[in-house]
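Owing to the predicted nature of the structure, the values given are computational and were not obtained by experimental measurement. We use all heavy atoms of the structure for the numbers below, so side chains are in, but hydrogens, waters and symmetry mates are not.
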2 protein chains.
Amino acid sequence: MLTIGTLAKRTGTKVQTIRYYEQIGLMPEPDRTEGGQRRYGDAELDRLAFIRHSRQLGFPLDAIRELLDLTDAPDRPCHEADEIARRQLKLVEQRMERLKALRTELKRMVKECSGGNAAQCRVLEVLRDHSECLTEHDQIGA
Amino acid sequence: MLTIGTLAKRTGTKVQTIRYYEQIGLMPEPDRTEGGQRRYGDAELDRLAFIRHSRQLGFPLDAIRELLDLTDAPDRPCHEADEIARRQLKLVEQRMERLKALRTELKRMVKECSGGNAAQCRVLEVLRDHSECLTEHDQIGA
DNA sequence: ATACATCCTCTAGCAACTGGAGGTTCAAGA
DNA sequence: TCTTGAACCTCCAGTTGCTAGAGGATGTAT
């Protein structure tokens, strides 16, 4: 049986995060010692590893919840998982597009800065005036 | 003089967001009508446009605060603004690298899915077992 | 004079954690 | 067996950058 600290180390998670996952129902309530401390088995280790890996791939917790439901029901058709992964892929691709535009703009700003003082700073000027931008970058969220 | 709603429309900001910026000291406290409604002038319009444009380029509010300080003090040397922009550029480039790795992994997952049921789903399998991943993707934050 | 869009303040919520206070439990060494 | 001290417990608040809603006041046009 693993303590929460050991589980944390093994999965590269913070202890508080594990408790948080329990609180929101993503991790089950584990066994406890007489004194009330959590003790975990291998099933929980696997589950947490799955969650963390999915998080590393950028899946939101809601999506991970759905994926976990699927692993718990091996008979259900796979296309749901496929769907979720495709959705995530699309999101990643959108974000990349957006970041590409930002990078272009930022590079240009930095390159044009000739090191005077704030009054004639190109960086500040570009920020002041959107029309100086060559690319579109209209969303704000990440 | 502009109402908050007009200011919002002109800058593509929500009304609440403007009030929020005021609350955190990013926007100044504007004049008020006798009845207590906010009225804005052109300086505030410019300032908000600056903020919004910076947000579109991904600058966090803290960085924007520094940039605004610089525009308010035109004598200060420009390299601070340059620094901030370079920092932001670096961040964007890091994120792009990370997303590239994620995209690779997700593409592979989706491609290998042959459409059976959950038990033999490649998507779920890859998520279960990190060692199936070819690329590094070890940070979690966006 | 009245309608009604817009404004006001205040509070709470989102995602996904993270940190700390203040107190208990567990395991190892003397 | 006792004692130390690391690791555990619960609960609450904070992070970032907004967004939504309740419940009520104001401003403007007819």
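- Distance B:L7 CG to C:dT6 C1': 14 Å, rounded to the nearest Å.
- Judged by distance alone, with hydrogens and angles left aside, the side-chain atoms of B:H79 form no donor-acceptor pair with the main-chain N or O of A:N117 at under 3.5 Å.
- Under the 3.5 Å distance criterion, the side-chain polar atoms of A:T13 are left unmatched by any main-chain donor or acceptor of A:K9.
- Between B:T6 and B:Y40, the closest side-chain pair of non-hydrogen atoms is not below 4.5 Å.
- Residue B:Y21 places at least one side-chain N or O closer than 4.0 Å to OP1 or OP2 of D:dC18.
- Atom pair B:D62:CG and D:dG17:P shows a separation of 7 Å (rounding to whole Å applied).
- Annotation: side chain to side chain contact (heavy atoms under 4.5 Å, CB included) contacts of B:Y21 (sequence neighbours excluded): B:T17, B:I24, B:L26, B:M27, B:L48, B:I51, B:R52, B:R55, B:L61.
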Nucleotides 24-30 of chain D: which of its N/O atoms have a protein N/O under 3.5 Å away?
from, atom 1, to, atom 2, distance (Å)
D:dG27, OP1, B:T33, OG1, 2.7
D:dG27, OP1, B:G35, N, 3.2

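- Atom-to-atom, CG of B:L57 to C1' of D:dG17 comes out at 17 Å; the value is rounded to the nearest Å.
- Computed from coordinates, the A:L26 CG to C:dA15 P distance equals 12 Å when rounded to whole Å.
- Distance CD (B:Q23) to C1' (C:dC8): 14 Å, rounded to an integer number of Å.
- One interatomic measurement links the two molecules: CD1 of B:I18 to P of C:dT6, which rounds to 14 Å at whole-angstrom precision.
- Of the candidate nucleotides D:dT19, D:dC9, C:dC17, D:dT19 has the atom lying nearest to any side-chain atom of B:T17.
- No side-chain donor-acceptor contact under 3.5 Å links A:E66 to the backbone of A:A81.
- With hydrogens and angles disregarded, a donor-acceptor distance shorter than 3.5 Å links the side chain of B:T11 to the backbone of B:L7.
- A:R19 has no side-chain polar atom (N or O) that falls below the 4.0 Å cut-off from OP1 or OP2 of D:dC8.
- Spacing between atom NZ of B:K9 and atom P of C:dT6 amounts to 6 Å, rounded to whole angstrom units.
- Here the P atom of nucleotide D:dA13 and the OH atom of A:Y20 are 17 Å apart, to the nearest Å.
- OP1 or OP2 of C:dG19 sits under 4.0 Å from a side-chain N or O of A:K14.
- Between the side chain of B:E97 and the backbone N or O of B:Q94, no donor-acceptor pair lies under 3.5 Å.
- When the nucleotides C:dT9, D:dC18, C:dC7 are ranked by their closest atom to the side chain of B:R38, C:dT9 comes out on top.
- Of the candidate nucleotides D:dC9, C:dT18, D:dT19, D:dT19 has the atom nearest to the side chain of B:Q16.
- Of the candidates C:dT9, C:dC17, D:dC8, C:dT9 carries the atom nearest the B:R32 side chain, counting heavy atoms from C-beta on.
- Counting any heavy atom pair closer than 4.0 Å across all strands shown, A:I24 reaches no nucleic acid atom.
- Proximity of A:R52 to the phosphate of C:dC17: a side-chain N or O atom is located under 4.0 Å from OP1 or OP2.
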